[in-house]
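Letters A, B, ... are given to chains in the order of the sequence lines, protein chains preceding strands, and every chain is numbered from 1. Worth saying up front: this structure is predicted, and the values here are computed from it rather than measured.
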2 protein chains.
Amino acid sequence: MTRKAAPPQAEDNSRRAELVRTAARLFRDQGYERTTVRDLGNAVGLQSGSLFYHFRNKEEILVAVMALGITSTTEQLAAALEVAKTPYDKVSALIHVHLNSLLGENQAALEVMLYEWRSVSAEQKPGLIVLRDRYEALWQSALDEAAAAGVVGQDTRLLRRMVLGSLHWSVQWFRRDGGDSVDALAERMLKLVIGPRPQAD
Amino acid sequence: MTRKAAPPQAEDNSRRAELVRTAARLFRDQGYERTTVRDLGNAVGLQSGSLFYHFRNKEEILVAVMALGITSTTEQLAAALEVAKTPYDKVSALIHVHLNSLLGENQAALEVMLYEWRSVSAEQKPGLIVLRDRYEALWQSALDEAAAAGVVGQDTRLLRRMVLGSLHWSVQWFRRDGGDSVDALAERMLKLVIGPRPQAD
DNA sequence: GTCTATATGGGGATAGAC
DNA sequence: GTCTATCCCCATATAGAC
């Protein structure tokens, strides 16, 4: 039975999931506006018209990429925070998870979420903002814990925005072949944000 | 005598300068790819075809906007660093100038430089990179001075990238009607980066 | 589900008059 | 310098066959 394209969340369909992953890479590399549906069709071995069986229109592909980027990062962060014991470890988790989601291999969707926001229509933004706020809430409570423990300063809302901005920008200059691994970079960044790991006393 | 469009640097022509300023605002608000030459023509009261008397093609407009954004910010920073006395004052100048260039009224060109990089062709990038490197060199030497004075840590190259990333991201969330002035925000950011202003001893 | 074929519109850019 | 008129291409999206 023919059906109309599913909502962004439903990634159970593996064909659709593959399209979203490929689109994420193309949108990251070339930008959303410069990537044509023909480009995407070529990359997955479909005629451009066939894409519209899976998605109502091009924007729906963009929204699906963004939703994937932010939800998968949120899940990974929630799991890492679950494991972290100290406030210090939690802040470390924020930076490691976020940086790996941005810079790790086969990671492109989160970067699209960050840098193609302007191409999302007003109708589609609210749904994505909900997802983004959920992610930032994890950050905020981890930072608030750290502030309560004296690990970071009190201006945690601005701190959250500055640290996230620092990490986001890394996509512009980080080169995987340039020395630091992603996790090594995360450690250096952590030290600039929070200072060296406290020793047991 | 008819002439062909001048290189990006030559902003002496006031008509051209006006076009560049208007284009900066449009590109910032709608994105470069989504802004049509017809949009720009409407905004300045010209037919779209007339724009091509002033610019060889659309990309030349983008490059001119970017060159304006980075060179004017560089000039302002150089002047501010000239006046600053202490390493602390110099770091303060970095943040205040950059933030005002990004968020101040009638400021749009620097933001375009930061967020539309992918739309610049390989041929045009080198010229802009030279301008960007000149700006970042001012940052680097100010931060190195601060490190030598013990005002910031030693990892100044990463610090430069992180602080610049923090500032760049502010365009995504700062609202002029939302409380802080640009300079007040700059002060709060400075304190997170460097701590409170040292008192005379 | 994917194809072929195509509708439809808008994009950048040019020519030549004024 | 700007206008009018228009070329030409390529974008998204649809229709209907298979």
Side-chain angles (χ1 to χ4, degrees), chain A residues 1-8 10-23 26-27 29-65 112 116 118-121 123-124, chain B residues 1-8 10-24 26-27 29-66 112 116 118-121 123-124:
Chain A
M1 50 187 147
T2 59
R3 58 161 183 81
K4 264 307 174 183
E11 304 300 347
D12 50 297
N13 182 326
S14 72
R15 190 71 166 124
R16 186 181 158 105
E18 183 208 347
L19 293 177
V20 172
R21 281 196 308 272
T22 304
L26 291 175
F27 292 170
D29 293 342
Q30 314 177 356
Y32 168 71
E33 302 287 353
R34 298 168 77 90
T35 302
T36 69
V37 293
R38 288 180 178 84
D39 290 336
L40 179 55
N42 285 340
V44 296
L46 282 183
Q47 293 301 310
S48 63
S50 307
L51 296 171
F52 294 93
Y53 172 81
H54 299 279
F55 301 92
R56 248 183 294 272
N57 50 46
K58 191 187 173 191
E59 192 195 10
E60 192 177 284
I61 308 177
L62 177 64
V63 172
V65 168
V112 173
E116 300 290 351
R118 235 179 351 208
S119 293
V120 180
S121 68
E123 294 75 39
Q124 296 296 328
Chain B
M1 47 185 148
T2 58
R3 58 161 183 79
K4 265 303 170 185
E11 304 300 347
D12 51 296
N13 182 326
S14 72
R15 190 70 164 124
R16 185 180 159 106
E18 184 207 348
L19 293 177
V20 171
R21 281 195 308 272
T22 303
L26 292 175
F27 292 168
D29 293 342
Q30 313 177 357
Y32 169 72
E33 302 288 352
R34 296 167 78 90
T35 303
T36 69
V37 293
R38 288 175 177 81
D39 290 337
L40 179 54
N42 285 340
V44 296
L46 282 184
Q47 294 301 311
S48 63
S50 307
L51 296 171
F52 294 92
Y53 172 83
H54 299 278
F55 301 92
R56 248 184 292 273
N57 50 46
K58 191 187 174 193
E59 192 195 10
E60 193 177 284
I61 308 177
L62 176 63
V63 172
V65 168
M66 289 183 170
V112 174
E116 299 290 351
R118 236 178 350 206
S119 294
V120 180
S121 67
E123 294 74 43
Q124 296 296 328

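- Under a 4.0 Å N-O distance rule, the pair E18(B)/R21(B) does not qualify as a salt bridge.
- When the P atom of dA17(C) is taken as reference, atom OH of Y53(B) falls 18 Å away, rounded to whole Å.
- Nearest heavy atom pair, residue R16(A) against residue H54(A), reads NH1-O, 3.1 Å.
- The interatomic distance linking E60(B) (CD) with dG12(C) (P) rounds to 15 Å, in whole Å.
- Between the CG atom of N42(A) and the P atom of dT2(C) there is a distance of 15 Å, given to the nearest Å.
- Among dT12(D), dT14(C), dT2(D), the nucleotide with an atom closest to any side-chain atom of V37(A) is dT12(D).
- OP1 and OP2 of dG1(D) both lie 4.0 Å or more from every side-chain N or O belonging to S50(B).
- Distance, I61(B) CD1 to dG12(C) P: 9 Å, rounded to whole Å.
- For the pair L51(B) CG and dT4(D) P, the computed distance is 14 Å after rounding to whole Å.
- At the phosphate of dT4(D), OP1 or OP2 sits under 4.0 Å from a side-chain N or O atom of Q47(B).
- The side chain of S48(B) approaches dA13(C) more closely than any other nucleotide in the set dT2(C), dA13(C), dC3(D).
- In this structure, E116(A) pairs ionically with R118(B), as a charged nitrogen and a carboxylate oxygen lie closer than 4.0 Å.
- At whole-Å resolution of the value, CZ in R56(A) and P in dT14(D) are 11 Å apart.
- At dT2(D), one or more side-chain N or O atoms of R15(B) fall inside 4.0 Å of OP1 or OP2 (strictly under the cut-off).
- One atom, NZ of K58(A), and another, P of dC10(D), lie 15 Å apart when rounded to the nearest Å.
- Here the side chains of F55(A) and V20(A) are in contact, with some heavy-atom distance below 4.5 Å.
- When rounded to the nearest whole Å, the span between CD of E59(A) and P of dA11(D) equals 19 Å.
- One N or O donor and one acceptor, one from the side chain of R38(B) and one from the base of dG12(C), sit under 3.5 Å apart.
- Heavy-atom minimum distance, L26(B) versus L40(B): CD1-CA, 3.7 Å.
- Looking at heavy-atom distances under 4.0 Å, T36(A) makes contact with sugar-phosphate atoms alone, never a base.
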